[in-house]
Structure formats: structure tokens, C-alpha cells
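Chain letters run A, B, ... following the sequence lines, proteins first and then strands; every chain starts at 1. Only heavy atoms go into these numbers, but all of them, side chains included; no hydrogens, no water, no symmetry mates.
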Protein chains: 4
Amino acid sequence: MPETPTAARRSERSRAAILAATAELIREVSYAKLGIEAIAARAGVGKQTIYRWWPSKGAVVFDAMLESDSGPEGPALPDTGDIAADLRQLLRGSVVALTDPGFESFLRAMYIEIQQDAELGAAYRERLLLPQRAAVADRLAAAVAAGEVRADLDLELAIDLLLGPVQMRWSLGLGGLTEDYADAALDAALAYLRA
Amino acid sequence: MPETPTAARRSERSRAAILAATAELIREVSYAKLGIEAIAARAGVGKQTIYRWWPSKGAVVFDAMLESDSGPEGPALPDTGDIAADLRQLLRGSVVALTDPGFESFLRAMYIEIQQDAELGAAYRERLLLPQRAAVADRLAAAVAAGEVRADLDLELAIDLLLGPVQMRWSLGLGGLTEDYADAALDAALAYLRA
Amino acid sequence: MPETPTAARRSERSRAAILAATAELIREVSYAKLGIEAIAARAGVGKQTIYRWWPSKGAVVFDAMLESDSGPEGPALPDTGDIAADLRQLLRGSVVALTDPGFESFLRAMYIEIQQDAELGAAYRERLLLPQRAAVADRLAAAVAAGEVRADLDLELAIDLLLGPVQMRWSLGLGGLTEDYADAALDAALAYLRA
Amino acid sequence: MPETPTAARRSERSRAAILAATAELIREVSYAKLGIEAIAARAGVGKQTIYRWWPSKGAVVFDAMLESDSGPEGPALPDTGDIAADLRQLLRGSVVALTDPGFESFLRAMYIEIQQDAELGAAYRERLLLPQRAAVADRLAAAVAAGEVRADLDLELAIDLLLGPVQMRWSLGLGGLTEDYADAALDAALAYLRA
DNA sequence: TATTAAACGAGACGGTACGTCGGGTCTTCGG
DNA sequence: CCGAAGACCCGACGTACCGTCTCGTTTAATA
């Protein structure tokens with residue numbers, strides 16, 4: 001009777017089936033209507049097998065997102081030596097990802113959970129958000145060193161200025177998330193970066 | 001045969017009690033655990049009286065937020081003639097509102113619903129979000145006319161740049177929402193406004 | 001996918017608790033006020049456990065009656081060789097049973113359901129009524145063979161004549177159900193049996 | 001503020017509509033599903049108008065039965081001088097009435113209520129049952145006087161013996177309620193009457 | 001004939017129970 | 001002996017009616 005389940009005995013088949021079923025279902029039904037029972041049934045798995053390995057629905061969805069092909073781009077940013085070009089790719093990539101139907105379902109689900117579940121929110125930040133921001137920070141630091149941007153740049157604030165506009169429009173359903181918008185937002189932010 | 005019930009016969013007492021009970025409960029329990037039955041019980045009202053007038057839990061919470069004392073500041077912005085000072089007040093006010101425990105509960109709830117309920121999302125934008133943005137746009141337009149900011153300013157983008165950073169940090173739980181941060185974000189955005 | 005749930009997995013503990021709770025409650029409240037929720041609560045059981053195994057309130061009460069100690073006497077009739085004495089015991093037993101507070105509650109409930117639910121009515125007849133009548137018919141047939149009663153006796157009609165008066169007074173609330181009445185009704189019926 | 005509503009102002013139109021709607025509905029739905037709201041809606045009447053004049057659903061149904069064309073035969077029995085012929089008409093009439101679809105619905109409803117509502121049960125006995133039995137008793141008393149039946153006849157018991165078999169078969173759903181059965185039951189009872 | 005108080009149609013209200021759904025736990029049984 | 005299957009307790013869901021309580025609107029007995 002394993003108090004903490006023994007990872008060694010875990011069935012890889014079940015784990016994969018659960019995450020795959022979750023990825024399928026999240027595109028078919030709203031996150032609120034996505035239930036553990038439905039996941040278990042779709043995966044051909046007992047409910048207990050889910051509860052044994054994940055603490056909540058949000059945690060399953062989080063893992064399913066990480067597993068998914070539609071997962072977000074890795075934390076690396078290109079360094080072509082041209083900070084503007086590199087950031088343009090970042091912002092355009094964000095717009096594309098946020099409007100990709102497969103990925104958007106996952107991300108809306110994560111947004112919902114982040115508002116409610118502090119633990120999952122922390123996991124989301126540590127596993128996804130902060131690494132991404134660190135990558136951008138690194139690239140910006142290189143740009144500072146190269147003299148492409150102002151020397152006294154506040155890296156955190158710069159990231160917020162770059163990503164905030166796109167993120168806000170997406171999370172509030174304001175629309176207008178095109179690559180043109182990404183370019184315009186970048187230009188506006190560059191005004192500060194280069195001030 | 002009231003397909004839509006007759007508003008004339010509606011009990012103001014019940015309406016107020018429901019919204020007040022909702023405002024109380026949303027601070028006591030998480031939004032996911034907030035149920036119609038609990039609202040009805042707290043308000044001393046039959047469940048049907050809620051279902052008769054609101055289509056969903058989110059709609060009740062929305063109305064409760066509008067009714068609440070902790071409601072967001074009205075859409076008006078001061079016009080002191082100094083655009084930087086006026087925007088500073090806006091951003092600081094945003095930080096204060098977003099960290100006020102009473103208001104934050106409502107807003108997190110709205111964020112959750114916006115991700116799921118398109119209709120409620122549209123109502124939220126039309127009733128709250130767009131009027132606020134329009135007020136800021138008006139103030140910015142006045143600043144353009146006064147020559148305080150660049151003549152070719154993209155008003156929508158300017159608003160995104162001003163509010164996006166604060167909004168993103170709040171909605172992703174990144175913390176750091178102080179008045180100092182508000183000032184720093186304003187300064188950064190002003191680099192674009194005045195470019 | 002248990003369209004019909006698997007009886008093998010059924011919890012005997014729950015089944016017994018439900019029927020016991022029903023037997024208790026039916027004496028405390030009128031049948032109309034007896035609700036599934038109250039039974040579930042008294043039995044310490046989820047409502048679904050009742051709905052899973054019984055199609056209606058009436059079916060639960062029927063099973064509870066069968067299970068109850070206060071259940072009706074078994075279908076066997078004594079055969080002392082004296083048909084009048086044996087029938088006297090039958091009729092007196094009926095009067096006693098119909099005026100026993102514990103049993104009467106159950107029987108009134110069954111009467112109500114029989115008027116409304118054809119399926120339950122059929123079950124009641126097959127499980128209780130017809131076996132009892134068959135036992136009486138057997139005893140009467142023996143009396144015919146022994147020459148105690150007329151040779152051309154109509155067994156069904158004889159049973160109706162014996163039991164009808166008592167049953168009618170009880171079901172219409174006419175009162176007067178004493179052992180003396182049982183004896184008088186028997187004597188009257190015997191006039192036909194022996195004609 | 002009329003504690004007891006003034007019968008003088010009562011709307012005959014409403015009263016008739018309510019009883020007519022009840023008579024219609026009782027044939028369309030089971031008695032358990034017959035609701036005050038449905039009666040009010042069908043009658044084009046406010047619910048309060050029903051509650052003002054009747055204490056319960058059963059009381060409405062009772063009045064509707066009395067009002068109905070399908071009402072039971074009046075309490076008078078023919079007196080042709082031949083007690084057997086007169087009782088044959090009584091029993092055949094009972095069988096016909098109990099198998100008339102219109103009347104049967106009402107009577108099943110009354111049976112249900114009698115089991116539950118003592119007050120309504122008393123009203124049913126006083127208004128319908130006992131007058132009918134008194135009429136039969138009168139006819140039997142005349143037969144005693146005429147020397148057609150035994151001098152020491154117990155009138156109550158005789159009525160029970162005559163009507164009990166038919167009533168029991170009907171109320172228990174045993175079937176077999178034909179005019180032939182009525183004749184057979186009469187012959188059996190006559191064995192006692194004439195003993 | 002005009003007044004006026006009631007009964008009326010309508011239906012919102014506070015409740016109670018319904019029958020269903022799904023959550024998270026516990027038990028059984030087959031591979 | 002693991003894990004799928006699923007029964008269990010629980011609690012909320014959204015619905016249906018209950019019986020009560022306003023609302024205006026007829027309507028019929030007075031004044």
C-alpha cells in the first residue's frame with residue numbers, strides 16, 4: 001500500500017493515455033465541462049489511476065500541455081545580433097501561439113487555474129513562465145552589453161513592456177492579435193529600450 | 001406567460017440581498033466553491049429567484065461587482081493639463097484596485113469567466129473595459145492636441161502599453177505591483193508617447 | 001458501462017440500511033411526505049445509491065415491507081381438518097394485521113401505489129397477493145375433497161366473499177374491524193360455501 | 001379583509017372552469033402528476049382562486065367528481081319487489097361504473113386520498129359512501145319486511161358481503177370485473193341473505 | 001349610477017424535494 | 001497483485017411545484 005505511489009511501478013501506458021485523452025477533450029469541450037470521469041473514460045483508465053498521480057484537474061491539464069506537440073516554444077531565443085529582429089520573432093511567435101486553436105485551449109485553462117489554485121500557479125510560473133522570461137532577459141542583457149539598447153535598462157520592466165500588450169489583449173478577449181500588431185507593439189517598446 | 005420575467009414585478013429587496021450575499025461570499029470562498037445555493041441561502045432567497053433573473057453564476061458575480069462599493073473607479077480621468085501626472089494617477093489607481101482584497105476577488109472571478117463564457121466576456125468588455133479605455137483614449141487625444149505627446153500617436157496601442165504591464169503581472173501572479181512599479185511602467189511608456 | 005448495475009458489487013450494508021430507514025420513516029410520517037432524501041439521510045447513504053437500485057419510492061417501500069418483521073404472515077394456512085376453524089384463524093389474522101400500526105402503514109402505502117403504478121401493482125399481486133390467495137384456494141380445495149363444503153365451489157369467488165368484506169371496510173376507512181366482525185363475516189360466507 | 005371568503009361574490013365561471021379542467025386533466029395524467037398549477041393554467045385561473053375555495057388537491061378532485069357527468073349513480077335503488085333483481089342491477093351498475101374510464105380515474109384518486117387524508121376520507125364517506133349504503137340498507141330492510149330474506153339479517157354485514165368482492169377485485173387490480181362476475185357474486189351473497 | 005371592496009388573473013416569492021451529475025474514496029474482480 | 005471498473009458518500013446542480021404574497025383589473029353589491 002504505497003502511501004506515496006511508487007513511481008517505479010507506474011504504468012507508462014496509462015500515463016500517456018490520460019494525457020492524450022486530456023489533450024483531445026480540452027479541444028472538444030469547455031474547460032469547465034472537462035471532468036476527471038470523462039478523461040478516465042476516454043483514456044480507458046480507472047479514475048483512481050488519475051487521482052493517484054495528479055492532485056487536481058488543473059495538474060493533469062498542465063502536464064498534458066507540457067506533453068503536447070502544441071506546447072509553447074522552448075525558452076531559447078535566437079541571437080542574430082540584431083535585438084529588434086530577435087524580439088520581432090518573439091512577439092510574432094507569441095501572437096501565433098496565442099491564436100493557435102490547439103494551444104489556446106490549454107492556455108485558457110491554465111489562466112483559469114492560475115486565478116484559483118496558488119500551488120498550480122507557482123508551478124506554472126516556475127516551469128514555464130520564468131524560464132521564458134529568463135531567456136528574454138538574457139537576450140536583452142546581451143543587447144545591453146552590445147550597446148544596442150540603453151545601458152540602464154530595467155530588464156524585468158522591459159519584458160513587461162514587450163509582452164504585456166499582447167498578453168492583455170489576449171486574456172481580455174480584445175482581439176486584434178495580428179503580426180502587424182506584434183510589430184507595432186515592438187516598435188513602441190523599443191522607444192523605451194533605446195531611449 | 002413571461003418567457004422573460006416581468007421586470008416590473010421584480011423584488012428590489014431580493015435583488016439587493018442576492019448581490020450583497022454574493023459580494024460577501026466571494027471574499028470568503030474561492031470562486032469555484034461559490035455556489036448558487038450558498039448565495040440563495042445567505043440572501044434568504046429561493047434559488048429560483050436567482051435563476052429567474054440571471055443566466056449564470058458569472059452574471060450574478062458581474063452584477064454584484066458593478067453594485068459593490070469596491071467597484072472600479074468610474075471611467076473619468078482627471079485632466080490637470082499634465083498628461084504624465086494624470087496617467088500616474090491612473091496607473092497608481094490600477095495598482096491599488098488590483099491589490100484591494102475586496103475588488104481583487106471579483107476581478108479574478110471575472111477573469112475566469114471571460115476565458116469560458118463568450119457572452120459574459122462581451123458584456124464585461126462593453127460595460128466596463130471599453131468605457132475605461134475610451135476615457136483614457138480621450139485624455140490621450142487631448143494630450144495630442146495640446147502637443148504634450150507625439151502627434152502620430154496610436155491611441156489603442158498607447159493604452160495597451162500603459163496598462164499591459166500592470167495587467168500582465170497581476171493576472172499571471174508575478175507580484176511586484178507597487179506604486180513604484182506603476183511609476184516605472186509609466187516612465188517607460190512615456191518614452192513611446194513622447195518619442 | 002453498467003446500464004443495469006452489477007448486482008454482484010452491491011453493498012449489502014447500504015441495502016439493509018435503506019430498507020430499515022424506510023421502515024422507520026413510514027411510521028413517522030405520512031407516505032406522501034416520505035421522501036427519497038429523507039430515506040437516504042436516515043440510512044446514511046447517498047441518494048444515488050437508492051436511485052441506482054430502485055426505480056421509484058414505491059418500489060423501495062415494497063421491498064422494505066417484504067423485509068420487515070411486520071411482514072404479512074406467510075402464505076401457508078393451517079389445515080386442522082376443520083375448514084371453519086381454519087378460515088376463522090385466517091380472517092381474525094387479517095383483522096389483526098390490518099389494524100397493526102406497523103403493518104398498516106406499509107399496506108396503505110402499497111394501496112396508494114397500486115392505484116397509480118401498474119408495474120408495482122403487478123409486482124404486488126405476484127409476490128404477495130396471488131400466493132396468499134393460492135394458499136386459501138388450496139385449503140378450500142381440500143375442504144371440497146373432504147366434503148366439508150359444496151362440491152361445485154367457485155374457489156376464486158369464495159375467496160372474494162371471505163376476504164372482500166374485511167378488505168373493503170379497511171380500505172374505505174369504515175371501521176368496525178374487530179374479531180367479532182371477522183367471525184360474523186366468516187359465518188355469512190360459510191352460508192355460501194356450505195349451501 | 002374577509003377571513004372566510006364571501007361565497008356571494010364567488011365567480012361561478014371560475015368554479016366551473018376549475019372543476020372542468022380537473023376532470024379533463026385527471027384522465028390525461030396520473031393523479032400524482034396532477035398539480036394545482038396545471039389545473040389553474042388549464043382553467044385560465046389564478047392559483048389563489050383555487051386555494052381560496054378548496055383546502056387541498058383532493059378536495060378539488062372530489063368536487064370535480066361530484067360535478068362530473070360521470071358521477072356515480074344516485075343513492076336511490078329500484079324497488080321492483082324482487083330483491084334479487086334489484087341487487088343484480090346494483091352490482092351490475094357497480095361493475096359498469098368501476099370500469100368506466102372517466103369515472104375510474106376519479107375513484108382511484110379518491111382511494112389514494114382516503115388512505116392519506118382523514119378529513120377528506122370522512123367527507124367521502126358522508127357525502128357518497130354512507131348514503132349509498134343507506135339506500136341499500138333501506139332496500140334490504142324492505143326485503144326483510146316482505147319476507148324475501150331472513151328475518152335476522154345484519155344489514156351492514158349484508159352490504160359488505162354484496163359489495164366487498166367487487167370492490168376488492170377493483171381496488172387490488174385483480175381484474176375479472178364483468179357482469180357475469182357481478183351475478184355470481186350476488187348469487188353467493190344471496191346464500192347468506194336467504195339462509 | 002357611482003363607489004368601493006371583494007374576488008379575480010397573473011405571477012414573483014421563499015421553500016422543499018426532485019432526479020442527475022460529477023468529485024474524490026473505497027472495494028471487487030479479472031488478467 | 002496491479003489496475004479497470006465501478007459502487008459508494010456527498011453535495012451542488014437546475015427544475016418543478018408548493019402555498020403565500022403582492023400586484024393591477026374586473027365585477028357586483030351597496031350607497
Side-chain angles (χ1 to χ4, degrees), chain A residues 1-2 5-6 9-11 13-14 17 32-38 40-41 43-52 55-57, chain B residues 1-2 5-11 13-15 17 32-41 43-53 55-57, chain C residues 1-2 5-11 13-15 17 33-38 40-41 43-53 55-57, chain D residues 1-2 5-11 13-15 17 33-41 43-53 55-57:
Chain A
M1 185 185 313
T6 314
R9 310 198 122 172
R10 182 169 188 179
S11 159
R13 156 186 284 277
S14 294
K33 307 227 158 184
L34 173 63
I36 295 284
E37 293 203 334
V45 140
K47 282 198 288 179
Q48 198 59 48
T49 304
I50 299 180
Y51 285 114
R52 185 153 34 232
S56 67
K57 180 174 77 169
Chain B
M1 172 184 338
T6 313
R9 290 199 178 290
R10 182 169 188 179
S11 161
R13 157 186 286 277
S14 294
R15 195 196 123 273
K33 308 226 158 187
L34 173 62
I36 296 284
E37 291 202 337
I39 295 173
V45 142
K47 279 197 286 180
Q48 201 61 50
T49 301
I50 299 179
Y51 286 113
R52 181 150 43 227
W53 300 108
S56 66
K57 180 175 77 169
Chain C
M1 157 185 354
T6 311
R9 290 194 179 292
R10 183 169 188 179
S11 161
R13 156 185 285 276
S14 294
R15 196 196 123 273
K33 307 228 158 181
L34 172 63
I36 295 284
E37 292 202 336
V45 141
K47 279 197 287 180
Q48 200 63 51
T49 302
I50 299 180
Y51 285 113
R52 181 149 42 228
W53 301 109
S56 68
K57 181 175 75 168
Chain D
M1 184 185 312
T6 312
R9 310 196 83 138
R10 182 169 186 179
S11 161
R13 155 187 284 278
S14 294
R15 194 194 126 274
K33 308 228 158 181
L34 172 64
I36 295 284
E37 293 203 334
I39 294 173
V45 140
K47 281 198 288 178
Q48 195 65 251
T49 302
I50 298 180
Y51 285 113
R52 181 149 43 228
W53 300 107
S56 67
K57 180 176 75 168

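Mapped onto DNA chain F by nearest heavy atom, D:L34 and B:G35 fall at different nucleotides, with B:G35 at the one closer to the 5' end.
Among F:dG3, E:dC13, E:dA10, the nucleotide with an atom closest to any side-chain atom of B:R52 is E:dC13. Checking E:dG23, E:dT20, F:dC21 against the side-chain heavy atoms of A:I36 singles out E:dG23 as nearest. Candidate nucleotides F:dT15, F:dC8, E:dC13 were compared by shortest atom distance to the side chain of B:Y51, and F:dT15 ranks first. Side-chain proximity of B:E37 to F:dG14, F:dA7, E:dT25: nearest is F:dG14. Of the candidate nucleotides F:dC9, E:dT27, E:dC8, F:dC9 has the atom nearest to the side chain of C:V45. Of the listed nucleotides (E:dC13, E:dC8, E:dG23), E:dC13 has the atom at the smallest distance from the side chain of B:T49.
Residues D:R52 and D:T49 meet the side-chain proximity criterion, which asks for heavy atoms closer than 4.5 Å. In this structure, B:W53 and B:R15 have side chains that are not in contact, with every pair of non-hydrogen atoms separated by 4.5 Å or more.
Atom-to-atom, CD1 of C:I50 to P of E:dA17 comes out at 14 Å; the value is rounded to the nearest Å. Rounded to an integer number of Å, the gap from NZ of A:K33 to C1' of F:dC13 is 11 Å. The distance from atom CZ of C:R13 to atom P of E:dT27 is 10 Å, rounded to the nearest whole Å. Distance C:R10 CZ to E:dC29 P: 15 Å, rounded to the nearest Å. Atom CZ in D:R9 sits about 6 Å away from atom C1' in F:dA29, given to the nearest Å.
Phosphate proximity of E:dA12 to B:S14: absent, as no side-chain N or O sits under 4.0 Å from OP1 or OP2. Here D:W53 does not reach the OP1 or OP2 of E:dA6: none of its side-chain N or O atoms lies under 4.0 Å away.
Interface remark: the C:Q48 side chain does not form any donor-acceptor pair with the F:dC9 base, using a distance-only criterion of under 3.5 Å.
Using a 4.0 Å heavy-atom criterion, one finds that B:K47 contacts the bases of the nucleic acid, with or without backbone contacts as well.
Residue D:A43 comes nearest to D:A17 through the heavy atom pair CB-O, 3.5 Å, listed as atom of the first residue, atom of the second, then distance.
For D:R10, the CZ atom sits in a packed shell: over 12 heavy atoms of surrounding residues, nucleotides or ligands are nearer than 6.0 Å.
The backbone N or O of D:L34 lies less than 3.5 Å from a partner atom in the side chain of D:K57, making a donor-acceptor pair.
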